[in-house]
*Asks:* 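Pasting in a structure now, in structure tokens, and then I'll have a few things to ask.
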Amino acid sequence: MQVTALKNDAGSIGLVALDEAYLLADSIGLSIKEPSHEELLNDVLSELLNLFRQQASGLVLDPVYSLPLLKEDEQNAPLIVRLEQLQNPDPLAVPQLLKNWGVEDISNMYGMAKLELHYHPAEEQALTKKQFVAEIFDFCEHEEIDLLLKLMIYNPTEEKFDIPKFQESQMEAVSELQRFASILALQYPQDPLAAATLTTNLDIPWLLTADDTPYDRFKENLRVALENGATGFLASETLWQEIEGMRHSDQSPDIEKILQFIQTTSKDRIIELLRISKEELADQ
């Protein structure tokens, strides 16, 4: 599958990531190793899938938890499937690929591949990580599918976060890695000028990634990113993060309340983000 399949009539892209089941389970107090908990997790994941397959322009799934829940007889949004393992003991290490799953499998299901990379241009493993991503991208090209690279710039542990340094590192990383991806998902560049500079230096489209950014803040960041060249967004926890506090008195998850939140607030949020993306790109 190619990136063009993700675009709507306005040319924008709105993706929802449901490929981190363990984070979702942790947030609502479930253990994916407990069979009874896994059933509850599947209930929540199924509700999220049912909602976003109808609304988003694409879904990012993992082959272990979320992908098997899709029903073949239902119309689904285009699929992007995760390549790396769900829980890497060291997220800053070179990603480890899932066993018995890969680019060829994604190609066979007419999907698109997704790889998440935590990266800093000055790190010792920078060259190894670049070579790793290049090999994945070459294989994707061989299988005639596109690769979404979620590029996360981390702050070295010995340094305080500094916006100019982050922007410099992000720009350097994008320059180094963009030739090994079909589309990038990036953190908020922190201001309009940095977003515009990213766009100017990119030969491929980029999306703003949300992760756990509070929804209202992400919404404003998205407006700025779109006004300065972003093509859309990749959202996850920001659409449902409040469900973490929905517990019974014994601290077990209040599944009924969680599902109600997804059916109402999460739905309203994805609709609003898609509307913002379409309107901003239509005005350009």
*Asks:* Thinking salt bridges, do E20 and K150 make one under a 4.0 Å N-O criterion?
*Replies:*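 The answer is no: the pair does not qualify as a salt bridge.
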*Asks:* Tell me whether the count of non-hydrogen atoms from other residues, nucleotides or ligands lying under 6.0 Å of CG in D9 goes above 12.
*Replies:* no
*Asks:* Using the rule given for side chain to side chain contact (heavy atoms under 4.5 Å, CB included), can you reason through W206 versus V174, listing the C-alpha separation, both sets of side-chain angles and the distance that settles it, and then say yes or no?
*Replies:* CA-CA 10 Å; W206 68 280; V174 162; over 6 Å; no
*Asks:* Evaluate M246 against I28 for side chain to side chain contact (heavy atoms under 4.5 Å, CB included), listing each step before the verdict.
*Replies:* CA-CA 7 Å; M246 296 178 182; I28 57 179; over 6 Å; no
*Asks:* Between S169 and H120, is any side-chain donor less than 3.5 angstrom from a side-chain acceptor?
*Replies:* yes
*Asks:* Can you measure from CG (L273) to NZ (K278) and round to the nearest 0.5 angstrom?
*Replies:*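 Going from CG on L273 over to NZ on K278, the span is 12.0 Å.
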*Asks:* Among the clusters formed by ILVMFWY side chains lying less than 4.5 Å apart, do L148 and L177 turn up in the same one?
*Replies:* no
*Asks:* Do Q263 and L51 have side chains that approach each other closer than 4.5 Å (heavy atoms only, starting at C-beta)?
*Replies:*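 No; the side chains remain at least 4.5 Å from each other.
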*Asks:* Side chains of D62 and W101: closer than 4.5 Å at any heavy-atom pair?
*Replies:*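 In short, these two side chains do not touch, never coming nearer than 4.5 Å.
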*Asks:* Are there more than 12 heavy atoms of other residues, nucleotides or ligands under 6.0 Å from atom CG of D250?
*Replies:*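 More than 12 heavy atoms, drawn from other residues, nucleotides or ligands, come within 6.0 Å of this atom.
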*Asks:* Could I get the full list of salt bridge (Lys or Arg N to Asp or Glu O under 4.0 Å) partners for K130, not counting sequence neighbours?
*Replies:* E176
*Asks:* Would you indicate whether Q260, at its atom CD, is surrounded by more than 12 heavy atoms from other residues, nucleotides or ligands within a distance under 6.0 Å?
*Replies:*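 Open.
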*Asks:* Would you indicate whether Y154, at its atom OH, is surrounded by more than 12 heavy atoms from other residues, nucleotides or ligands within a distance under 6.0 Å?
*Replies:* yes
*Asks:* Could you walk me through whether E220 and R217 satisfy the salt bridge (charged side-chain N to carboxylate O under 4.0 Å, His left out) test, starting with their C-alpha distance in whole Å, then the side-chain angles of each, then the deciding distance to 0.1 Å, before giving a yes or no?
*Replies:* CA-CA 5 Å; E220 295 310 310; R217 186 190 306 166; over 6 Å; no
*Asks:* So does K165 pair up with E168, basic N to acidic O under 4.0 Å?
*Replies:* no
*Asks:* Rounded at 0.5 Å granularity, tell me how far SG in C140 sits from CE in M112.
*Replies:*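 Interatomic distance, C140 SG to M112 CE, rounded to 0.5 Å: 9.0 Å.
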*Asks:* Mind checking whether M109 and V81 have side chains closer than 4.5 Å, heavy atoms only?
*Replies:*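 M109 vs V81: side chains touch.
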*Asks:* If you count heavy atoms of other groups shown closer than 6.0 angstrom to NE2 of H142, is the number above 12?
*Replies:* no
*Asks:* Which value, rounded to the nearest 0.5 Å, describes the distance between K114 atom NZ and L59 atom CG?
*Replies:*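 If we round to the nearest 0.5 Å, K114:NZ and L59:CG are 13.0 Å apart.
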*Asks:* Nearest 0.5 Å, what's the CD-CG distance between Q85 and L97?
*Replies:* 8.0 Å
*Asks:* Please round to the nearest 0.5 Å and tell me the distance separating atom OG1 of T209 and atom CG of L151.
*Replies:* 10.5 Å
*Asks:* Applying side-chain hydrogen bond (donor to acceptor under 3.5 Å, both in side chains), run through N201 and Q178 and close with a yes or a no.
*Replies:* CA-CA 10 Å; N201 287 275; Q178 66 165 313; over 6 Å; no
*Asks:* With side-chain contact (heavy atoms from CB on, under 4.5 Å) as the test, pick out the partner of L24 among L18, L30, I243.
*Replies:*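 The residue from L18, L30, I243 that satisfies side-chain contact (heavy atoms from CB on, under 4.5 Å) with L24 turns out to be I243.
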*Asks:* Hey, what do you get for CG (L61) to CZ (R82), rounding to the nearest 0.5 Å?
*Replies:* 11.5 Å
*Asks:* Could you please spell out the steps behind the side chain to side chain contact (heavy atoms under 4.5 Å, CB included) verdict for E84 and L117?
*Replies:* CA-CA 9 Å; E84 74 275 12; L117 182 71; over 6 Å; no
*Asks:* Verify, without hydrogens or angle tests, whether Y119 (side chain) and A173 (backbone) share a donor-acceptor contact under 3.5 angstrom.
*Replies:* no
*Asks:* Could you check N42, D43, V44 and say which one makes a side-chain contact (heavy atoms from CB on, under 4.5 Å) with L40?
*Replies:* D43
*Asks:* Do the side chains of I13 and P205 get nearer than 4.5 Å, heavy atoms only?
*Replies:*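 P205 does not reach I13 side chain to side chain.
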*Asks:* Do any N or O atoms from the side chain of S182 and from the backbone of L147 form a donor-acceptor pair under 3.5 angstrom?
*Replies:*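 Yes; at least one donor-acceptor contact below 3.5 Å.
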*Asks:* Is there a side-chain contact between F233 and I276, using heavy atoms and a 4.5 Å cut-off?
*Replies:* no
